[in-house]
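Comments concern the structure below.
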Amino acid sequence: MAPSLFLAFLLLSSAASSANSSPIKDSFIQCLNSKTDQSQVPLTTFFSRDINSSLFTALLESSAQNLRYLRPSKPKPEFIFTPLTEAHVQSAVVCSKKLGVHMRVRSGGHDYEGISYVSEIETPFIVVDMLRLRSVSVDIDSSTAWIQAGATIGEVYYKISEKSKVHGFPAGLCTSLGVGGHITGGAYGSMMRKYGLGADNVLDARIVDTNGTILDRSAMGEDLFWAIRGGDGASFGVILSWKIRLVPVPESVTVFTVTRTLEQGATKLLYRWQQVADKLDEDLFIRVIFRVATVGENKTVSTSYNALFLGTADRLLQVMEGSFPELGLTLSDCIEMSWIESVLYIAGWPGGTDPEILVQGKSLFKNYFKAKSDFITEPIPKPALEGLWEWLFKDEGPLMIWNPFGGMMSKIPESEIAFPHRKGNIFMIQYLSNWQERGVDEANRHMEETNKHVHWIRMLYRYMTPYVSKSPRSAYVNYRDLDLGMSASGNGSYLRASIWGPKYFKNNWKRLGMVKQVADPENFFRNEQSIPPYVAAGQRYK
Ligand SMILES: Cc1cc2nc3c(=O)[nH]c(=O)nc-3n(C[C@H](O)[C@H](O)[C@H](O)COP(=O)(O)OP(=O)(O)OC[C@H]3O[C@@H](n4cnc5c(N)ncnc54)[C@H](O)[C@@H]3O)c2cc1C
Ligand SMILES: *[C@@H]1O[C@H](CO)[C@@H](O)[C@H](O)[C@H]1NC(C)=O
Ligand SMILES: *[C@@H]1O[C@H](CO)[C@@H](O)[C@H](O)[C@H]1NC(C)=O
Ligand SMILES: *[C@@H]1O[C@H](CO)[C@@H](O)[C@H](O)[C@H]1NC(C)=O
Ligand SMILES: *[C@@H]1O[C@H](CO)[C@@H](O)[C@H](O)[C@H]1NC(C)=O
């Protein structure tokens, strides 16, 4: 569609929707009831912004992580539907399609650019929120579990630990992530070096396709099953549940956090970490968290080495002595605990928190933020690190996390599942700028605040260009970054899939488009960065 036509369409449809928004809900309910064999779809599963606005707002905000996307100026869904059964999800797809209403799906609400609950490309739109489809059934005998999309990863970890002290699952570090969005993007965490990603440990899945049919692995076929593991499931259907493979964990694991500032030789130590991080024993995962700290009157960078070791403290000290003695780890830095306690520790819950808190699915972290990611294939030279510190000093809420790769991540071929970032990557960087805002009415001040932080992170990203992966400069799809669709001048459109596609998916990009062409040729499942159907080389892909 030409841009002017597209704009006219947007204006028309938003005018239509603000004039009469509940009719969309009414026809939707009518359609759902006619599609669902069982009893009527309960009215308590609909939350409309015009009819019961406080419940609507509370639900919309409940799992949204990036407060930028809750601002009054951001487009809001007509209503939120919270299905109670798989059949409700099937009907929601059929009815959205029939009524021509754009649909978004939300599981844990952690999307960095809020695209599970904000559509900046189509009005009106609705949100199907999976929060009531969150059962987790663990079967220790077969070392597997079926987990529904609306469960948080923390609930999954907890329910595994309830049944066994020696089973775990290798996925994200933050416990409030929804397994619907998280696992379909890859899902890395503190056991990735030993067992790979969450998506590497998926055995089966149930999804609702574009026709409203439920497909499991054998019905969807290996191409689609490949695509939803790391390739952004939101482009292909609604994920109802995953069957995951549990992995062995020792009864006692060891964690530590050791912090060094610039004055304590952080730069030299970090240079050394870059040489060993991906080559360490696979039982050992040491990430580095960077913050700006103040010592007396001086600003400094604090680098925290935050680690999980799948073994005892004694053996950890031996491993460290042999491969990374420069950190100077001592027995008193090490804490032995159960695997589930280590989940809380790494996620940042205060010491002594009861693991049962995980069943509440609560998040520890809600902020206004903008983030970006990079993959590193060569150690970053010391002078470049020193330049990086200068950059960190320029923002008020900078945060960086460097996450080691190697181990199992290097053994799995790039084309095994759709997630492509494997051998050759030493580590991944996540850059963040976090900030808080006061009263919601100060719209202009907010824009200024946002622009300042967004500008900072874009400039930092530019600074890092020489030191990161090239052709393409890769990015992690779960750290969604809408900047990547923009032209170099920063003013491009969201539709430039040929730019972000290869960054997120490398050589798997074309196959994803071909799978999409078969699974959803009409592009019903779409968003600002969904995979377009592959039409022909020379059209969308070049
Ligand atoms: C604080 C924080 C910490 C994080 N830590 C990690 C980490 O340790 N490791 C890691 O790998 N990632 C991490 N992430 C990134 C995270 O994996 C992604 O944001 C992921 O997409 C979140 O999934 P969600 O279901 O919570 O999000 P949502 O916002 O609900 O969804 C994200 C995307 O997936 C789609 N989607 C959601 N549910 C479904 C479904 N059922 N079927 C089809 N599509 C669906 C949405 O439409 C949207 O496009 C973190 C993010 C945050 C905010
Ligand atoms: C608001 O939504 C809830 C859904 O739980 C519903 O039960 C209630 O009747 C609604 N209120 C109004 C005024 O429609
Ligand atoms: C601050 O920096 C100055 C100059 O580098 C140094 O002399 C001083 O000791 C530092 N102060 C603290 C508290 O570290
Ligand atoms: C935006 O991009 C278009 C096409 O790429 C270009 O012609 C135009 O000059 C750009 N505008 C700005 C303000 O950079
Ligand atoms: C959906 O249904 C149509 C019509 O029955 C069929 O032609 C198409 O192949 C189906 N699509 C998928 C992805 O199964």
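Indexing begins at 1, ligand by ligand and atom by atom, following the structure's order. Worth saying up front: this structure is predicted, and the values here are computed from it rather than measured. Position 1 is the first residue of the sequence, and the numbers go up from there.
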Quick one about Q430 and S373 (side-chain donor to acceptor, distance below 3.5 Å, no hydrogens or angles considered), yes or no? no
With hydrogens left out, which residues have an atom under 4.0 Å from ligand 1, given that only heavy atoms count? V105, R106, S107, G108, G109, H110, D111, Y112, I115, S116, A149, G172, L173, C174, L177, G178, G180, G181, H182, A187, Y188, A234, G237, V238, I239, F365, Y476, N478, Y479, R480
Evaluate the criterion ring-ring contact (aromatic ring centres under 6.0 Å, His included) for residue pair F375 and F405; output intermediate values, then yes/no. CA-CA 10 Å; F375 287 87; F405 271 51; 5.7 Å; yes
Classify the side-chain pair N306/Y345 by whether it contains a donor and acceptor separated by less than 3.5 Å. no
For W402, the ring pair (Phe, Tyr, Trp, His ring centres under 6.0 Å) test, sequence neighbours excluded, returns F290, F427
The complete set of ring pair (Phe, Tyr, Trp, His ring centres under 6.0 Å) pairs with one or both residues in residues 174-223, sequence neighbours excluded, reads Y188-Y476
Side chains of R106 and S63: any donor to acceptor distance under 3.5 Å? yes
Below 6.0 angstrom between ring centroids: does that apply to W500 and W509? yes
Just list the N/O pairs, ligand 5 to protein, that are under 3.5 Å apart, with the distance for each.
from: ligand 5; atom 1: 2 (O); to: N211; atom 2: OD1; distance (Å): 3.4
from: ligand 5; atom 1: 2 (O); to: N211; atom 2: ND2; distance (Å): 2.2
from: ligand 5; atom 1: 11 (N); to: N211; atom 2: ND2; distance (Å): 3.0

Side chains of N211 and T213: donor-acceptor distance under 3.5 Å anywhere? no
Can you see whether S119 engages R526 through a side-chain donor-acceptor pair at a distance of less than 3.5 angstrom? no
